Q: 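Can you read through this structure? Questions will come right after.
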Amino acid sequence: MERYDPQAIEVKWQSFWEKEGYFRVTEDRTKKKYYLLEMFPYPSGKIHMGHVRNYAIGDVVARYKRMRGFNVLHPMGWDAFGMPAENAAIENNTHAAKWTYENIDYMRAQLQRMGFSYDWDRELATCRPEYYRWEQLVFLKMFKKGLAYKKKTYVNWCELCQTVLANEQVVDGCCWRHLDQDVVLKEMDSWFLKITDYAKELLEYCDRLPGWPEKVLTMQRNWIGESHGAIIRFPIVDSDHVIEVFTTRQDTVFGATFLCFAPEHPLVKELTKGSDKAKEVEQFVERTLKIDTFMRTADFTVKEGVFTGRYCLNPMTREEMPIYVANFVLYEYGTGAIMAVPTHDQRDFEFAKKYGLSLKIVIRPADKDLTEEGMIEAYVDEGILVNSGPFNGMPNMEALERIADYLESKGMGYKTVNFRLKDWGISRQRYWGAPIPIIYCPKCGVVPVPEDQLPVLLPLALDLKEGGRSPLPYEASFYETECPRCSGPARRETDTMDTFVESSWYFERFVSPRYENGPFDKQKIAYWMPVDQYIGGIEHAIMHLLYSRFYTRVLRDMGYLKIDEPFTNLLTQGMVCKETFKCAEHDYLYPEEVKEQRCIHCGKQIKIGGSVKMSKSTKNVVDPQRLIDRYGADTVRMFCLFASPPERDLEWSDEGVEGAWRFLNRVWRLLIENRERLSDVKPYDGRVALSSNLRDVHWKTHQTIKKVTEDIEDRFHFNTAISAIMELFNEINQFLNNSKEISGVAWSVLKEAVEPMVILLHPVVPHITEELWEILGHGKSLTTVSWPTYRKEALEKESRLVVIQVNGKVRSRIEVPVSLAEKEIQDQALRDKRVQRFIGDKEIKRVIVVQRKLVNVVV
RNA sequence: GCGAGAGUGGCGGAACUGGCAGACGCACUGGACUUAGGAUCCAGCCCGCAUUGUCGGAUAGGGGUUCGAGUCCCCUCUCUCGCACCA
């Protein structure tokens, strides 16, 4: 008998599909389009299990939709700019570009070996000028519309490296390359994209994305963080300055007794300049800024601050309020300053207690009395206004509105909506990224590179400087240029763009990846966009998806496309996890470093850790390549899909892979052993009456088609779809094993079961099914075969099992005809011997009958 | 810390709308076949039992709603993801 030889079969069909060009698509108006996209990978070296899982999920959907008659766009490309290339260049003494392109070649071959049905003609890499030139163009257009602007910001800086550090390069407040070197915050001029202009729309459209998981939408809503409130102006004593604060509690303004600045606030320096407080304040600011923001502002962190020596006036009471700098105030949120109402805000209360600042109650609860002296925490609930001049006696919810109106009428402030969302900082002081197309001219200032001079090429003949510094600011041939306006000597921007910019529009470039007259061909974009189904890791739930939604709107407002949202449906898949091995001496160990629960280096007993996301740092990775070599791509695909539903984390199990392998072998054997008989008959057509065994096979066949179709179509639960196919297989197999002689009718029923089984399996394990389909005597490739449909008549059964409970506990089961009336079922249930035993002589209080399912007798 | 999720046998998971808890697979145990088995086939497999019963208990822990809760509500615990320069 022919053995199942996945290596031979898989390569055979991969080259067949490629030769026939089955997955290359063009705009075909006779078919419904379906744009399926998985998040493109960063070319880090070789594919990992996370990729395999993500793309296996996508490939099932792509192949399924094709079989349902859709014109499926399924592209793949590379998110090719980024920091790991720079790190690898330093470590391996190579060039970021060389490293990246080699990785791409290797990983492309791996993806092809997995049999994913991509249209490879559309492949793109974001590090190619043909790609990033359009990003530069869009940047220029954004600059001209005021959507790209520069402002000061703070970055992590290592004095030894003389470079900016990414958050992940900061370890416990120190540089990752110099663990004894404190990271300092350095002020820097950076480019920002004005995503806040779209905050309102991005928020509102969260309600119009029914195809997205609710948890992702909730996270996005919270991230955007809309809050309604007011800006209130506090004039500074002995100064022309007015401090604006944002508050959602303008109802408490009469109780504001001091004011706090965020440490970064520029007015802090100005107000203390030359005063005796200057030094103390500066030291506090410096100390505070070293602590990262979320530790600094955590609830449990002690509220700290320093008095600036200056005062401002409460615009309502005209009383003087001391001005502080406080650790819990965020510069990035609101105006970077707050009015402190210690009686009605817990943080303000703690701060006031610590520094002996005055308290003034302005809201009184209905049910109890409050006194300033007796307060042990802030009163933050609703109540009636007191000590608030004309607003006394007003419920605070009403006062919110009325006080805002009053402030507005007196010019002391205005109602406003504030968002937590900040503008998107895109400047990176890095080499391996897309250059920002701006020129600085001593005479003309900030000048955009003329569009006809694009792209600003990233010079490839450069190496990273000491400490990983970008060579761009040191490379005269790059930065020296002439001003496009005055032709005088000028300097290029040497910052590159955040790689999130590339991934914010690649899905739009895929519709016309070689188009040379603009970022995309409008006709094609009109046909393909939006993406019907986007699939990727849950870790991108906020930033990547929000940036993409923003960027798509920017392109819309520039007239490039007419859609609002890029992704109609979203599937967020969980991580691939595995247990870890840890040795007391040698830290994390690879599985091959463990022998009989001991470390092979020192012989110490190892500790088996809980299952966490596969990663190099915890050494719990499984290399997909090894599995492909051993079992073939089909087995790997099957395991990834079978082990858990996509949105949950996947628990890695080598034994589970073995199980998938065995199942494919069983399917293979069943067909090979019966190939002659199966190819000789026609599938059962429903005309001849069947014996009960055969009727079960027939029923199971149609039941399985229904179940698998619904599992894939409605909820992407491939694990249960595969289970259902396994059940059908078991049914067929058992029939074959239990029958001494198999009639012609039986063979036809078996064929009616086996063929859909092969087709249903095809999206999951495309190679083996193609081979089996051929063995069954079919000429055409399975990729062109339609998805099977089930016959309703085949699913009808004449009787039904009804569960009988007494007081909610199952006590008996009866078979009843489907047509039996509710009353009849109830009677039959009550007559049941076992039920009677449990009822005994107790009184029947109530009987609940659920049609065709259950009877509950309450006694 | 804040925001969002998740928790079911030895393990991965199933139970989709509140209606038989544990489908399917793995591991394990016993048997068959075999020169051999890490191949294959058959059977068993949540826990408990001084009543082996279509008995009792059991879906992280505690409480509630309901004729009925893994599923809905409240509290607690644990784990995971995101937190704006990793992608």
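Reminder, nothing fancy here: chain letters follow the sequence lines and each chain counts from 1. Computed from a predicted structure; not experimentally measured. Below, all heavy atoms of this structure are taken into account, side chains as well, without hydrogens, waters or symmetry copies.
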Q: With rounding to the nearest 0.5 angstrom, report the CG to CD1 distance, A:Leu671 to A:Ile732.
A: 8.5 Å
Q: Which nucleotide, B:rA4, B:rU8, B:rU80, lies nearest any side-chain atom of A:Met219?
A: B:rA4
Q: If you assign each of A:Arg630 and A:Asp79 to its closest nucleotide in RNA chain B, which residue comes earlier from the 5' end?
A: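 Here A:Arg630 is the residue nearer the 5' end.
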Q: If I pick the P atom on B:rC26 and the same atom on B:rC75, what distance separates them, to the nearest angstrom?
A: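 B:rC75 and B:rC26 have their P atoms separated by 42 Å.
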Q: When the distance from CD1 of A:Ile426 to P of B:rA87 is rounded to whole Å, what number comes out?
A: 14 Å
Q: Hey, are A:Glu727 and A:Lys700 close enough for a salt bridge, meaning a charged N less than 4.0 Å from a carboxylate O?
A: yes
Q: Can you find a pair of side-chain heavy atoms, one from A:Ile825 and one from A:Val855, that are under 4.5 Å apart?
A: yes
Q: Could you let me know what B:rG82 is paired to, Watson-Crick or G-U wobble, both distances under 3.5 Å, or none if it's on its own?
A: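 Partner of B:rG82: B:rC2.
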Q: Searching all strands shown, indicate the nucleotide that pairs with B:rG70 (Watson-Crick or G-U wobble; both distances under 3.5 Å).
A: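 Its partner: none found.
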Q: Is there a side-chain contact between A:Thr635 and A:Leu627 in this structure, where contact means two heavy atoms from C-beta onward sitting under 4.5 Å apart?
A: no
Q: Out of B:rG19, B:rC16, B:rC83, which nucleotide sits closest to the side chain of A:Met543?
A: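 My answer, after comparing the listed nucleotides, is B:rC83.
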Q: For A:Ile825 and B:rG19, what is the distance between atoms CD1 and C1' respectively, to the nearest whole Å?
A: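 Answer to the nearest Å: 14 Å.
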Q: Could you state the atom-to-atom distance from CG of A:Asp649 to P of B:rC81 in whole Å?
A: 8 Å
Q: Does A:Lys845, at its NZ atom, have more than 12 non-hydrogen atoms belonging to other residues, nucleotides or ligands within less than 6.0 Å?
A: no
Q: Please work out which residues in residues 717-726 of chain A have a non-hydrogen atom less than 4.0 Å from an atom of RNA chain B and list them by number.
A: A:Asn719, A:Thr720, A:Ser723, A:Met726
Q: Measuring only the C1' atom in each nucleotide, how far is B:rU65 from B:rG30? A whole number of Å is fine.
A: 48 Å
Q: C1' atom, B:rA27 versus B:rU78: distance in rounded Å?
A: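 It comes out at 26 Å once rounded to the nearest Å.
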Q: Check the distance between B:rC26's P and A:Glu658's CD and give it to me in whole angstrom.
A: 10 Å
Q: Side chains of A:Asp498 and A:Trp191: does their closest heavy-atom pair fall under 4.5 Å?
A: no
Q: Output the single nucleotide from B:rC55, B:rA84, B:rC85 whose closest atom is nearest the side chain of A:Lys422.
A: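 Among B:rC55, B:rA84, B:rC85, the one nearest the side chain of A:Lys422 is B:rA84.
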Q: Using the P atom as the point on both nucleotides, what is the distance between B:rG48 and B:rC42, in whole Å?
A: 28 Å
Q: Do A:Trp157 and A:Gln162 have side-chain heavy atoms sitting under 4.5 Å apart?
A: yes
Q: P atom, B:rG53 versus B:rU34: distance in rounded Å?
A: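 That atom pair is separated by 37 Å.
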Q: Taking the minimum atom-to-atom distance to the side chain of A:Gln805, which one of B:rA87, B:rG57, B:rC20 wins?
A: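 That would be B:rC20.
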Q: For a 4.5 angstrom cut-off between non-hydrogen side-chain atoms, does A:Leu854 reach A:Asn856?
A: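 When only atoms from C-beta onward are counted, A:Asn856 and A:Leu854 do touch, with a gap below 4.5 Å.
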Q: Determine yes or no for a side-chain-to-main-chain donor-acceptor pair under 3.5 angstrom, with A:His540 supplying the side chain and A:Gly537 the backbone.
A: no
Q: Between A:Asp495 and A:Lys150, is the closest basic N to carboxylate O distance under 4.0 Å?
A: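 No.
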Q: Can B:rG9 be described as syn, meaning its chi torsion is within 90° of 0, or is it anti?
A: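 Base orientation: syn.
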Q: Between B:rU71 and B:rC16, how far apart are the C1' atoms? Round to whole Å, please.
A: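 Looking at atom C1' only, B:rC16 and B:rU71 are 11 Å apart.
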Q: A:Phe642 side chain: which of B:rG57, B:rG12, B:rC55 is closest?
A: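 Shortest atom-to-atom distance from the side chain points to B:rG12.
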Q: Is there a Watson-Crick or G-U wobble partner for B:rG7 with both distances under 3.5 Å, and which nucleotide is it?
A: B:rC77
Q: Check every atom of B:rC86, B:rG3, B:rC20 against the side chain of A:Pro84 and return the nucleotide holding the closest atom.
A: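 Given the options B:rC86, B:rG3, B:rC20, the side chain of A:Pro84 is closest to B:rC86.
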Q: Can you tell me the Watson-Crick or wobble partner of B:rC20, both distances under 3.5 angstrom?
A: none
Q: In whole Å, what separates the P atom of B:rC41 from that of B:rG25?
A: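 Comparing P positions in B:rC41 and B:rG25 gives a spacing of 11 Å.
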Q: Taking B:rG12 as the reference, what is the distance to B:rU59 when you measure between their C1' atoms (whole Å, please)?
A: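 Those two atoms are separated by 16 Å.
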Q: Picking from B:rA15, B:rG68, B:rA87, which would you name as closest to the side chain of A:Asn856?
A: B:rG68
Q: Kindly indicate whether a cation-pi arrangement holds for A:Lys151 with A:Phe192, taking the cut-offs as under 6.0 Å to the six-membered ring centre and within 45° of the axis.
A: yes
Q: Nearest to the side chain of A:Trp223 - B:rC83, B:rC20, B:rC85?
A: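 For A:Trp223, the side-chain atoms sit closest to B:rC83.
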Q: What does the list of N/O pairs under 3.5 Å between the protein and nucleotides 40-46 of chain B look like, with a distance for each?
A:
unit_1 : atom_1 : unit_2   : atom_2 : d
B:rU40 : O3'    : A:Arg669 : NH2    : 3.4

Q: Using the six-membered ring of A:Phe328, assess whether NZ or CZ of A:Arg347 lies under 6.0 Å from its centre and within 45 degrees of the ring axis.
A: no
Q: A:Leu854 CG to B:rU54 P: how many Å, rounded?
A: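 Interatomic distance, CG of A:Leu854 to P of B:rU54: 21 Å.
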Q: Taking the minimum atom-to-atom distance to the side chain of A:Pro645, which one of B:rA14, B:rA15, B:rA84 wins?
A: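 The listed nucleotide nearest to A:Pro645's side chain is B:rA14.
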Q: Among the nucleotides B:rC24, B:rC81, B:rC86, which one has an atom lying closest to any side-chain atom of A:Glu727?
A: B:rC24
Q: For A:Tyr331 and B:rA84, what is the distance between atoms OH and C1' respectively, to the nearest whole Å?
A: 16 Å
